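Below is one structure, written out as structure tokens; the observations come after it.
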Number of protein chains: 2
Amino acid sequence: MVVPTMADVARRAGVSAKTVSNVLSGYPYIRESTRERVLAAVDELGYEINVTARILRSGRSGLIGLAVPELGQPYFGELADEVLAAARRRDVQVLIEPTGFTREGELAALREPRRRLVDGLVFSPAALDQSDVHLLENLDYPLVLLGEQVFSTHVDHVTMHNVEGARAATELLLDVGCRRIAAIGMLHARTAGSATLRFQGYREALEDRGLAVDDRLLGWADDGWHRANGARAMAAVLDTGVEVDGVVAFNDALALGAMHELGVRGLSIPRDVAVVGFDDVEDARYSVPSLTTIDPGRREIAQVALDLLLRRLDEVGSPGGSVRPPVLHVADMRLVERESTPRRV
Amino acid sequence: MVVPTMADVARRAGVSAKTVSNVLSGYPYIRESTRERVLAAVDELGYEINVTARILRSGRSGLIGLAVPELGQPYFGELADEVLAAARRRDVQVLIEPTGFTREGELAALREPRRRLVDGLVFSPAALDQSDVHLLENLDYPLVLLGEQVFSTHVDHVTMHNVEGARAATELLLDVGCRRIAAIGMLHARTAGSATLRFQGYREALEDRGLAVDDRLLGWADDGWHRANGARAMAAVLDTGVEVDGVVAFNDALALGAMHELGVRGLSIPRDVAVVGFDDVEDARYSVPSLTTIDPGRREIAQVALDLLLRRLDEVGSPGGSVRPPVLHVADMRLVERESTPRRV
DNA sequence: GTGAAAGCGCTAACAT
DNA sequence: ATGTTAGCGCTTTCAC
């Protein structure tokens with residue numbers, strides 16, 4: 001026998017296949033002695049259930065998809081770990097589908113649940129834009145959107161306080177006396193993503209104090225929010241000759257790249273230039289100087305997203321139950337002050 | 001019709017289900033007109049194949065498992081991205097299984113292929129030790145081990161030059177005049193992992209120059225190779241009062257944590273203390289100062305591991321073919337000199 | 001509390 | 001170049 005099946009276990013335990021199935025799926029009404037015999041047979045044969053057959057027959061896989069751009073970016077790597085941890089607590093498995101920041105990758109991820117391997121999708125879009133909203137509505141499976149603007153009122157969303165976070169970051173800099181604040185991480189693409197929202201928070205904070213946005217202070221990073229691009233964008237801003245006394249970067253990698261460039265140019269942080277990042281990745285705590293940043297509430301985001309998805313899956317499973325309206329959950333954000341900004345007085 | 005099946009597509013195209021199957025799986029001998037009619041029907045119905053049924057019937061899933069400790073650690077996040085990219089090129093999908101640095105998690109990952117969802121496993125062990133070798137041998141599915149010591153000569157391995165890398169790092173420090181070199185990242189657990197090997201390279205380099213290992217220069221990081229532990233281990237070493245003029249850290253996160261601690265203590269890098277890391281994660285290029293490190297050849301490791309696994313899968317698929325002996329592939333390592341070490345003369 | 005029969009949607013094996 | 005038949009291993013349904 002190459003690999004044992006449920007029928008083999010049943011034969012050995014002297015019961016039917018259905019009873020083995022009942023034992024393994026936690027059906028409660030089973031005589032203790034029967035359960036023991038079955039489990040013993042499972043052990044003796046080294047039996048492992050064939051999940052594929054189980055999924056085919058039951059129509060539910062207990063697998064959910066997690067579509068994120070790229071795991072090498074610590075924000076997404078850490079987010080994936082949080083989702084995986086939450087999934088373990090809820091006894092479901094996660095199939096990670098990296099979309100590579102491409103439209104094509106994101107469309108492929110959206111097709112995946114229709115192939116019936118995953119029951120639903122947690123999706124962090126980065127390339128789709130407002131004109132793609134229709135792709136996200138009227139899907140025949142549960143979908144939860146993560147971490148970006150609210151595209152649509154017909155889909156569950158879990159987002160962070162993007163605008164408020166960027167606003168809080170900018171206000172901190174204003175409070176400590178900065179007046180020439182660069183924004184690092186601008187995108188030309190109108191992807192309705194974090195960039196647009198974080199820029200909005202930056203702009204609002206400036207305008208509240210009667211300051212205008214100076215185009216020379218905008219650092220562009222269309223090739224992705226990596227450190228290299230943070231350094232490059234910072235260099236581009238400094239090369240215009242404009243005066244800079246503060247930096248709001250749209251994520252921590254950009255901030256760390258910008259800090260690197262400031263260091264190369266002999267500028268001291270926070271004395272000459274104060275810097276704030278966004279995301280609170282592990283790196284932010286151990287850079288020199290350590291980085292003031294916005295904690296977006298990653299754990300909360302992961303946990304809430306998963307629970308929303310599981311709730312929708314239950315609704316699908318129990319027809320007749322009233323379908324709840326779409327949920328918008330905004331996780332708590334928190335400004336974490338560290339050494340890259342002077343203390344507020 | 002809630003969700004169309006192959007039979008529905010067949011009916012619409014006026015062919016049999018088998019022909020639809022042939023078209024979708026790339027079987028070549030099909031009349032062009034037939035193919036077109038089938039694809040048109042697929043399009044019209046919005047049909048997506050049920051991968052679960054396909055796997056159950058064919059016995060091959062086209063999915064491979066990737067078992068790594070934690071995606072939030074940039075080394076593993078970047079490694080996962082490389083494996084995923086290689087898999088995309090080879091047209092297979094990857095199910096990532098984080099093991100959380102636990103024995104239990106690693107044992108669970110090893111059971112996964114027997115549940116028939118994944119065809120084989122690329123496994124980066126971190127908690128198993130030499131006494132667990134038997135668990136890796138005589139498995140009934142293909143397994144490729146990643147990035148650690150050679151446990152067993154009966155399993156395919158893809159490793160980096162751990163000993164040689166640590167040796168090159170240490171020799172660089174010796175060459176630039178360091179004599180009191182700390183090693184950061186020691187583990188008490190005998191997990192036959194990178195720690196042991198990298199320490200061996202460190203020790204060999206010292207002994208080649210007639211220097212002994214000084215226990216006070218060993219920084220322990222049993223809670224994981226994170227920045228926090230690098231900072232803590234560096235602090236512990238400095239607190240012994242021992243003189244330090246160089247640091248070899250067993251990964252980049254530890255190195256960056258150690259650099260942070262050195263900065264806090266007012267020590268200048270590389271003037272007072274020179275620092276070398278290990279892994280060449282993206283961070284290493286943009287720290288201040290940028291970090292000299294060992295590039296382990298991650299892309300090569302990912303690509304070779306995947307190809308080995310796919311080759312084994314082919315062997316399983318074509319019985320009668322002679323089974324190749326286990327392969328040990330050691331990827332090229334490279335010392336990347338940056339600002340955290342003085343130039344060699 | 002347990003079993004028998006049917007069938008989820010696909011592809012292997014074979015036929016034509 | 002395409003169709004027919006059977007069955008992958010499990011769970012649903014229903015019987016007792």
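Naming convention: chains lettered A, B, ... in sequence-line order (proteins, then strands); numbering from 1 in each chain. In this text the structure is predicted, and so the values were computed from the model without any measurement.
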A/E32, CD: over 12 other non-hydrogen atoms inside 6.0 angstrom | yes
Heavy atoms from other residues, nucleotides or ligands near CG of B/N138 exceed 12 (cutoff 6.0 Å) | no
Separation of [X] atom [atom1] from [N] atom [atom2], in whole Å?
| X | N | atom1 | atom2 | value |
| --- | --- | --- | --- | --- |
| B/R60 | D/dG9 | CZ | C1' | 19 Å |
| B/R114 | D/dG9 | CZ | C1' | 15 Å |
| B/N22 | D/dT4 | CG | P | 13 Å |
| A/M6 | D/dT12 | CE | P | 11 Å |
| A/Y27 | C/dT2 | OH | P | 9 Å |
| A/R57 | C/dG7 | CZ | P | 9 Å |
| A/N50 | C/dC10 | CG | C1' | 14 Å |
| A/L24 | D/dG9 | CG | P | 16 Å |

Pair of N/O donor and acceptor under 3.5 Å linking C/dG9 base with B/R54 side chain = no
Under 3.5 Å donor-acceptor pair, B/R116 side-chain atoms to D/dG9 base atoms |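 Check fails, no donor-acceptor contact within cut-off.
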Considering all heavy atoms of both residues, which atom of [X] and which atom of [Y] are nearest to each other, and what is their separation?
| X | Y | value |
| --- | --- | --- |
| A/L56 | B/A53 | CD1-CB, 3.8 Å |
| B/L71 | B/V68 | CD2-CG2, 4.0 Å |
| A/R312 | A/P326 | NH2-CA, 3.6 Å |

With respect to the phosphate group of [N], does any side-chain polar atom (N or O) of [X] fall under 4.0 Å of OP1 or OP2?
| X | N | value |
| --- | --- | --- |
| A/R31 | C/dG1 | no |
| A/T19 | C/dG3 | yes |
| B/S21 | C/dT11 | yes |
| B/T34 | D/dT2 | yes |

Starting at the 5' end of DNA chain D, which residue's closest nucleotide do you reach first, A/I49 or B/S33?
->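 Going by which nucleotide is closer to the 5' end, it is B/S33.
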Check every strand shown and say whether [X] touches a base, only sugar-phosphate, or nothing at a heavy-atom separation below 4.0 Å.
| X | result |
| --- | --- |
| B/S25 | nothing |
| A/V51 | nothing |
| B/I30 | sugar-phosphate |
| A/Y47 | sugar-phosphate |
| B/T52 | nothing |

Closest nucleotide among D/dT12, D/dG9, C/dA12 to the B/K18 side chain = C/dA12
With respect to the side chain of B/L56, which nucleotide from D/dC8, C/dT11, D/dG3 is positioned closest?
->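 For B/L56, the side-chain atoms sit closest to D/dC8.
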Any donor-acceptor pair under 3.5 Å from A/E82 side chain to A/R298 backbone |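 No.
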